[in-house]
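Letters A, B, ... are given to chains in the order of the sequence lines, protein chains preceding strands, and every chain is numbered from 1.
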Number of protein chains: 2
Amino acid sequence: MLRAAVTLADEVGIDALSMRSLAQRIGVVPMALYKHVANKEELLDGMVDVIVGDIDLPTPGADWKAAVRERVLAARASLLRHPWAARVIESRTSASPVVLDHMEALVAAFRAGGFSVDLTHHAMHALGTRMWGFTQEVFPTPAQPADADARAAMLGRFAARYPSIVEMASTTGGCDDQFEFEFAIDLLLDGFERLHQQGWTSAERS
Amino acid sequence: MLRAAVTLADEVGIDALSMRSLAQRIGVVPMALYKHVANKEELLDGMVDVIVGDIDLPTPGADWKAAVRERVLAARASLLRHPWAARVIESRTSASPVVLDHMEALVAAFRAGGFSVDLTHHAMHALGTRMWGFTQEVFPTPAQPADADARAAMLGRFAARYPSIVEMASTTGGCDDQFEFEFAIDLLLDGFERLHQQGWTSAERS
DNA sequence: AACCGTAGGTGTACAGTGTACACGTGTCAA
DNA sequence: TTGACACGTGTACACTGTACACCTACGGTT
C-alpha cells in the first residue's frame with residue numbers, strides 16, 4: 001500500500017494523491033485504507049519511510065568526511081527520484097525509526113571521526129535540510145509572457161529594479177542543482193573540518 | 001485584508017485559516033475575498049509579502065559580511081514573529097517583487113563586497129533557506145509517554161538503537177535555535193570569505 | 001466441531017474545503 | 001442621466017478527510 005502510494009504520487013503528483021484516489025488505484029474502498037494507517041498524515045509518514053529506506057548505504061570504512069558526504073548524496077539521489085519527496089519531508093513533524101536510522105548514522109560518522117559531541121551537534125544543525133539531500137530552490141524561475149516584445153520590456157523593467165539579480169542570471173547560465181548542492185555541503189564540511197582541527201568548542205564562541 | 005489574514009493566522013494557526021474563516025473575521029461573505037485575490041495561493045503570497053516587507057533594513061555602509069549577516073538575521077527576526085511563516089514561505093512557487101527586493105539586496109551586498117558574479121551565485125545557493133532566517137528543524141522532539149517507568153524503558157530501547165543521538169541529546173542541553181542558526185551562517189560566511197580571498201572560480205572546482 | 005477474536009473490507013454520512021457563476025449595489029466620470 | 005467599475009452577496013458544486021456501524025473470512029482454543 002505504501003509502495004502503491006509512492007508510485008501513484010510519482011505519476012499524478014502529491015496534490016492529486018487523496019485517500020480516495022489511492023483507494024481506487026488499489027481497488028478498494030477509501031475507508032479500507034484506515035485499517036492500515038490512522039490518518040493521512042500517517043500515510044505520508046509511511047511514504048517518507050519508503051523513500052528514506054531506499055537510501056543506498058555508503059561504503060563503510062571511509063573517513064568521516066567522505067562518509068557524511070556519501071550518505072548525504074545518497075539521500076539526495078533517493079529523494080530526486082520523487083519530485084514531491086522534499087516537500088513532504090519538510091512537512092513531517094516527527095521522526096520515524098527509519099528517519100532516525102539515517103540521522104543516527106550521520107551523527108555516528110562525525111563521532112567516529114573524532115568530533116566532539118558538541119561540534120557534532122552543531123554540525124548536524126548546520127547541515128539542516130541538506131542532510132536529506134535537498135535545499136529549497138533559491139531562485140524560482142518567474143513566468144515569462146509569450147510575446148517577444150512584452151518579454152523584452154519586462155526584462156528591461158526587471159533589470160532596472162533588480163540589477164544584481166539580472167547580472168547574475170545573465171552571466172551564469174542556468175544553474176546546475178547538483179553542483180550547487182555539492183558546493184554547499186563541501187563548504188560546510190570544510191568548515192567543520194577546520195573547527196574540528198582547531199578543537200573548537202561552543203563555549204569559546206566569539 | 002492581508003494584515004487581517006496574517007493576524008488571524010497568528011491567532012488560530014495557518015491550518016485554521018480558510019477563506020471562510022478569514023471572511024468571517026473581516027465580516028464579509030467568503031466570495032468577497034476573491035475580488036482582491038485570485039485564489040488562496042495568492043492570498044498566501046500576499047501574507048508572505050507582508051512579513052518580508054516587515055524585515056528591518058540593515059544599517060548601510062557595513063562591509064559585505066556584516067551586511068549579509070544583519071539582513072539575514074533581520075529576516076529571521078521578522079519570520080519568528082509568525083510561527084507559520086517558514087512553512088508558508090517554503091511552499092511558495094514564485095517570487096513576488098517584495099521577495100525579489102530582499103534577494104536583490106543580498107546579491108548586491110556580495111557584489112559590493114567585491115565578490116565575483118560566479119561566487120555570489122553559488123553563495124546564494126549555499127545560503128539556501130537560511131537567507132529567509134530559518135532552517136528546518138533537524139531534531140523534532142519525539143512524543144514521550146506520561147508514565148515514568150514506561151518513559152525510562154523507552155529511553156533504554158532508544159539508547160540501544162540510536163546511541164549517538166542519545167549521547168548527543170544527553171550531553172548538550174536543549175538546543176538554542178538562535179545559536180545554531182548563527183553557527184551555520186557564520187560557517188558559511190567564513191567559507192565564502194575564504195573562497196573570495198583566494199579568488200575562487202567555479203571552473204577550477206576540485 | 002463449535003466458538004470467538006481479530007484483521008480486513010464495505011457503505012453511508014457529515015462537516016468542511018476552494019471556488020465558479022450570476023446577481024446586486026454603490027460611487028464617480030462623462 | 002448614463003454607464004463603467006469596484007466591491008459585496010447567495011447559491012451551488014465537486015472534492016476532501018474521516019467517524020461509525022456493519023459484514024466477512026480465517027486461525028487458534030476449547
State plainly whether the residues [X] and [Y] are in salt-bridge range, i.e. N to O under 4.0 Å.
X: B/Arg130; Y: B/Asp186; answer: no
X: A/Asp56; Y: A/Arg71; answer: no
X: B/Glu11; Y: B/Arg25; answer: yes
X: A/Arg81; Y: A/Asp10; answer: no

From C-beta outward on [X], which listed nucleotide comes closest to its side chain: [options]?
X: B/Val28; options: C/dT19, D/dG8, D/dT16; answer: D/dG8
X: B/Met31; options: C/dT10, D/dT11, D/dG17; answer: D/dT11
X: B/Ala32; options: D/dG8, C/dG18, C/dG11; answer: D/dG8

Return the value, rounded to whole Å, for the distance between atom [atom1] of [X] and atom [atom2] of [N].
X: B/Lys35; N: C/dT25; atom1: NZ; atom2: C1'; answer: 12 Å
X: A/Gln24; N: D/dT16; atom1: CD; atom2: C1'; answer: 15 Å
X: A/Tyr34; N: D/dC22; atom1: OH; atom2: C1'; answer: 19 Å
X: A/Lys40; N: D/dT18; atom1: NZ; atom2: P; answer: 9 Å
X: B/Glu41; N: C/dT17; atom1: CD; atom2: P; answer: 16 Å
X: A/Arg20; N: C/dT17; atom1: CZ; atom2: P; answer: 16 Å
X: A/Asn39; N: D/dT16; atom1: CG; atom2: P; answer: 17 Å
X: A/Met19; N: C/dG11; atom1: CE; atom2: P; answer: 17 Å

Both A/Ala38 and B/Val29 contact DNA chain D. Which one's nearest nucleotide lies toward the 5' end?
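The residue closer to the strand's 5' end, by nearest nucleotide, is B/Val29.
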
Might you work through the side chain to side chain contact (heavy atoms under 4.5 Å, CB included) test for B/Ile51 and B/Trp132, ending with a clear yes or no?
CA-CA 11 Å; B/Ile51 291 174; B/Trp132 292 116; over 6 Å; no

Determine yes or no for a side-chain-to-main-chain donor-acceptor pair under 3.5 angstrom, with B/Arg20 supplying the side chain and B/Gln24 the backbone.
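Between the backbone of B/Gln24 and the side chain of B/Arg20 there is no qualifying donor-acceptor contact (under 3.5 Å).
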
Find out whether A/Leu79 and A/Ile55 are in side-chain contact, i.e. whether some heavy atom of one side chain is under 4.5 Å from a heavy atom of the other.
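Side-chain contact under 4.5 Å: no.
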
Only one of B/Asp49, B/Thr7, B/Val50, B/Asp45 passes side-chain contact (heavy atoms from CB on, under 4.5 Å) with B/Leu2; say which it is.
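Among B/Asp49, B/Thr7, B/Val50, B/Asp45, the one that satisfies the side-chain contact (heavy atoms from CB on, under 4.5 Å) with B/Leu2 is B/Val50.
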
Just to be sure I understand the geometry, which residues of residues 3-16 of chain A put a non-hydrogen atom under 4.0 Å away from DNA chain D?
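Within residues 3-16 of chain A, no residue comes under 4.0 Å of DNA chain D.
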
Would you kindly say whether B/Trp84 and B/Asp15 are connected by a side-chain donor-acceptor distance under 3.5 Å?
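No donor-acceptor contact under 3.5 Å links the two side chains.
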
Give me the bend of the helix from C/dA1-D/dT30 to C/dA30-D/dT1, using the axes of the five pairs at each end, rounded to 10°.
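Roughly 10°, once rounded to the nearest ten degrees.
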
If you compare every side-chain N and O of A/His36 against the phosphate oxygens of C/dA7 (OP1, OP2), does one of them come in below 4.0 Å?
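So the side chain of A/His36 is outside the cut-off, no N or O lying under 4.0 Å from OP1 or OP2 of C/dA7.
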
